[in-house]
Amino acid sequence: MEEKIMVADALESVNANLTKYGEMIPQTENLQLKQTLKQIRNQCEMSQEELYQIAKSKQYYTPAAKATEEEVKKVRMLFTPN
């Protein structure tokens, strides 16, 4: 299998796991389990960042263009309390 495909598959898998942890954490009442899930999610996020950096450095992934200052201001306005 091509390295590029393997990296893409790994990133997709990690991203799916992050989504699942994001759904599970607020649904559990057990504080110990919640903390454990948060730790696993944090480790998963670090793995995702490493894979992203590898994919980017090998030009397997091209990130989206950076938002303009105007776009950032619009989004901030959406989430800033009045």
Side-chain angles (χ1 to χ4, degrees):
M1 188 182 289
E2 237 182 85
E3 183 180 60
K4 180 178 180 176
I5 294 170
M6 292 185 338
V7 171
D9 285 349
L11 264 173
E12 185 177 329
S13 176
V14 169
N15 287 335
N17 287 337
L18 285 170
T19 300
K20 293 289 184 201
Y21 292 128
E23 293 169 355
M24 288 188 285
I25 291 168
Q27 292 179 20
T28 184
E29 292 183 22
N30 181 316
L31 294 179
Q32 188 175 9
L33 175 59
K34 187 178 288 228
Q35 188 61 33
T36 300
L37 289 171
K38 286 179 181 180
Q39 289 172 345
I40 294 169
R41 180 200 58 203
N42 291 343
Q43 292 169 343
C44 196
E45 286 177 353
M46 288 189 298
S47 295
Q48 192 273 351
E49 180 64 25
E50 286 180 45
L51 285 168
Y52 164 75
Q53 292 300 334
I54 290 168
K56 186 177 167 189
S57 72
K58 293 183 176 248
Q59 298 180 339
Y60 295 162
Y61 176 80
T62 303
K66 290 190 177 190
T68 65
E69 192 60 39
E70 186 63 31
E71 291 169 324
V72 172
K73 285 179 186 177
K74 285 181 184 178
V75 172
R76 270 198 191 118
M77 286 175 50
L78 291 173
F79 294 99
T80 303
N82 293 329

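Atom set for the values below is all heavy atoms of this structure, side chains included, hydrogens, waters and symmetry mates excluded.
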Among the clusters formed by ILVMFWY side chains lying less than 4.5 Å apart, do Leu18 and Leu11 turn up in the same one?
yes
Is it possible for you to say whether Ile25 and Leu33 belong to one hydrophobic cluster, with membership spreading through side-chain heavy-atom contacts below 4.5 Å?
yes
Between Lys20 and Glu23, is there a side-chain heavy-atom distance shorter than 4.5 Å?
yes
Would a 4.5 Å heavy-atom cut-off, applied to side chains only, mark Asp9 and Ser13 as touching?
no
Verify the neighbour count for atom CD of Gln53: are there more than 12 heavy atoms of other residues, nucleotides or ligands below 6.0 Å?
yes
Quick one: CD on Glu12 to CD1 on Ile5, what's the gap to the nearest 0.5 Å?
12.0 Å
Quick one: pull up CE in Met77 and NZ in Lys74 and give me the separation to the nearest 0.5 Å.
9.5 Å
Could you give the side-chain donor-acceptor pairs of residues 35-45 under 3.5 Å, partners two or more places apart or in another chain?
unit_1	atom_1	unit_2	atom_2	d
Thr36	OG1	Gln32	O	3.0
Asn42	ND2	Lys38	O	3.3

Any idea which heavy atoms bring Leu51 and Val14 closest together, and the distance?
CD1-CG2, 3.9 Å
Enumerate donor-acceptor pairs with a distance under 3.5 Å from any side-chain N or O in residues 59-67 to protein atoms, sequence neighbours excluded.
unit_1	atom_1	unit_2	atom_2	d
Tyr60	OH	Glu3	OE1	2.4

